[in-house]
Number of protein chains: 2
Amino acid sequence: MAAHQANRDDNLIEDIQSRLDSLNKSERKVAEAILRDPSAATRYSIAALARAADVSEPTVNRFCRGFSATGFPDFKIRLAQSIATGTPYVGQNVEPDDTVAEFADKIVLSTIASLDKARQALDPKALATAIDYLIQAKQINFFGMGGSAPVALDAQHKFFRFNIPVMSYDDALMQRMVAAGSSTGDVIVMISYTGRTRETVDIARIARANGATVIGITNPDSPLGDACTVVLEVTAPEDTEVYMPMSSRIIHLTVIDILATGVTLKRGADFLGHLKKIKESLKPTRFPSE
Amino acid sequence: MAAHQANRDDNLIEDIQSRLDSLNKSERKVAEAILRDPSAATRYSIAALARAADVSEPTVNRFCRGFSATGFPDFKIRLAQSIATGTPYVGQNVEPDDTVAEFADKIVLSTIASLDKARQALDPKALATAIDYLIQAKQINFFGMGGSAPVALDAQHKFFRFNIPVMSYDDALMQRMVAAGSSTGDVIVMISYTGRTRETVDIARIARANGATVIGITNPDSPLGDACTVVLEVTAPEDTEVYMPMSSRIIHLTVIDILATGVTLKRGADFLGHLKKIKESLKPTRFPSE
DNA sequence: TCAGAATGTAGTAGTTTTAAATAAATAATG
DNA sequence: CATTATTTATTTAAAACTACTACATTCTGA
């Protein structure tokens, strides 16, 4: 039952952009006027927007209905909602001559936007299944290579506090060895943005052949996705322009947070005491909080 | 008349909550009606909201102006904007009996909220300074202990692609040794959530005594903050209830992204070719993207 | 030229805002 | 302590504005 309910708060601005081609002359003028400065558009009256787009008021109204709003005010509300998440810099990439303040904003906002997308795409059922496996695990291993290695390490840190044997590996050889030596009751969490690294897929297959449970934090339509027991799909943004993984890792980390929280909750309240003890063990190493 | 002002894109819902006490009877009724279901409030007309709050229309209008809106429609827009970021679960923590879907949403939304806060708090000037130091660095070292170790590792991965000698250390002893062996032209980036770990502060002092530049990604009002050449302040949320660092790491990573992007941009366009080459070198290890 | 779609005009219904009037609350005075 | 004055809060009612509907006009392509 994937059945993710009605994409209520889907991003309106992106919607407008993607439908730009299929609009007729006047409506495109409206679309362009809005995209020129979306946040200003939320403050316009229908008359003001009509003037800005150089069309008549009913055209604006028709445009709004075209995006399944009941009318102009409703459209403005939806536009406003999509702005907070949907970035003031409408899906704009970092430009070479941006100021520091500008590109810093762009980066943070695009990260926020991808988190929001991930939120809508995450499947609670798959998460619940993954959490169940983790709770019952005899031993947990996090595998991540390259850019995903830090994510795996982070997961290790988090789960270490749970008193379960947990390790992370960033090296294909070690991963292969661990996978080969695994058995029923072991859980291996594989973190990969593309899900297309050959080694990774091999390793997942080996682990499963040995009876281990493999949880994938990756793209669901990938060879790795197919090889996993459960896939936590992370259809992350493309990150195409910049040649570095950016938001994907952050989404992966957030998924780790969710898993860790799920385990904590399911373990029950007494367990919180254990976490507190660990936290307090760190106190002597710190300066007092003035 | 309260001296509240110009908190432009500060979270309106939080604002309303925090000012609840300082409102008079009727206006509080309005506030409560809105908080009862903020997203419904965005769809109400002034008459409907007045009825829901059991007051007259002008009262609602005055209420809106009290929150520095020009009127009711403007207020609704701002409310709508703050809903996207400002979480449906208005500042709520994860509860033991939340469903998976619920707490997953809460975690993602609170992460989004802290990113947005961080965005407003980040100082572009400090960022620019840090980027300048990084560009001129002979060598870069990222130091992070415990929960910040993965962040340091991630930074190493990112900066490795820049062709600068870069390392990361998660171990206090190694950090101390590297700091002791550092000299002018070396840049050390210290990542710490609290900025109060004794060791960390020591290490920063040693490094500076040797002429190295120390960039701190940490709390600015901390001993570590004082010991740094530049501080990138990250007044992260408290994460108090759950005994694990959550959003703080993510903000740290985002700051790393910003620094890396800044370095890329300042290095100029020809440098993008270099990044592309690295990316392409990974192709043979992958399954084709069908 | 004509059908059909697209766009615009003008009037109407609906909503918000303003301004003046009333009610409530607080302070001051006998 | 009661009564009145004064301020503050709230509403009623009218004015201003905004968005919507129905119809007229203008385009477009056959």
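All chains are named by letter (A, B, ...) in the order of the sequence lines, taking the proteins before the strands, and each is independently numbered beginning at 1.
Counting non-hydrogen atoms of neighbouring residues, nucleotides and ligands closer than 6.0 angstrom, the OH atom of B:Tyr44 reaches no more than 12 such neighbours.
Checking B:Ser56 against B:Thr59 by side-chain atom types alone, a donor-acceptor pair falls below 3.5 Å.
The pair B:Arg51-B:Glu57 does not count as a salt bridge, with every side-chain nitrogen at least 4.0 angstrom from each carboxylate oxygen. A salt bridge does not link A:Asp21 to A:Arg28: none of the charged side-chain nitrogens sits closer than 4.0 Å to a carboxylate oxygen.
Looking only at side-chain heavy atoms (C-beta outward), A:Tyr193 and A:His252 come within less than 4.5 Å of each other.
Whole-Å rounding puts the A:Leu49 CG to C:dG8 C1' distance at 16 Å. One atom, CZ of A:Phe63, and another, C1' of C:dG8, lie 18 Å apart when rounded to the nearest Å.
Judged by the 6.0 Å distance and 45° axis criteria, A:Arg19 is positioned over the aromatic ring of A:Phe67.
Residues passing the salt bridge (Lys or Arg N to Asp or Glu O under 4.0 Å) test with B:Asp123: none are found, sequence neighbours excluded.
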Nucleotides 10-16 of chain C: which of its N/O atoms have a protein N/O under 3.5 Å away?
from   : atom 1 : to      : atom 2 : distance (Å)
C:dT16 : OP1    : B:Ile46 : N      : 3.2
C:dT16 : OP2    : B:Ile46 : N      : 2.8

Each nucleotide N or O in nucleotides 3-7 of chain C that has a protein N or O under 3.5 Å away: list the pair and distance.
from  : atom 1 : to      : atom 2 : distance (Å)
C:dT7 : OP1    : A:Ser26 : N      : 3.0
C:dT7 : OP1    : A:Ser26 : OG     : 2.9
C:dT7 : OP2    : A:Asn24 : OD1    : 2.9
C:dT7 : OP2    : A:Asn24 : ND2    : 3.2
C:dT7 : O5'    : A:Ser26 : OG     : 3.0

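Within the 4.0 Å cut-off from OP1 or OP2 of C:dG8, not a single side-chain nitrogen or oxygen of A:Arg51 is found.
Taking the six-membered ring for Trp and the full ring otherwise, the centers of B:Phe63 and B:Phe75 sit less than 6.0 Å from each other.
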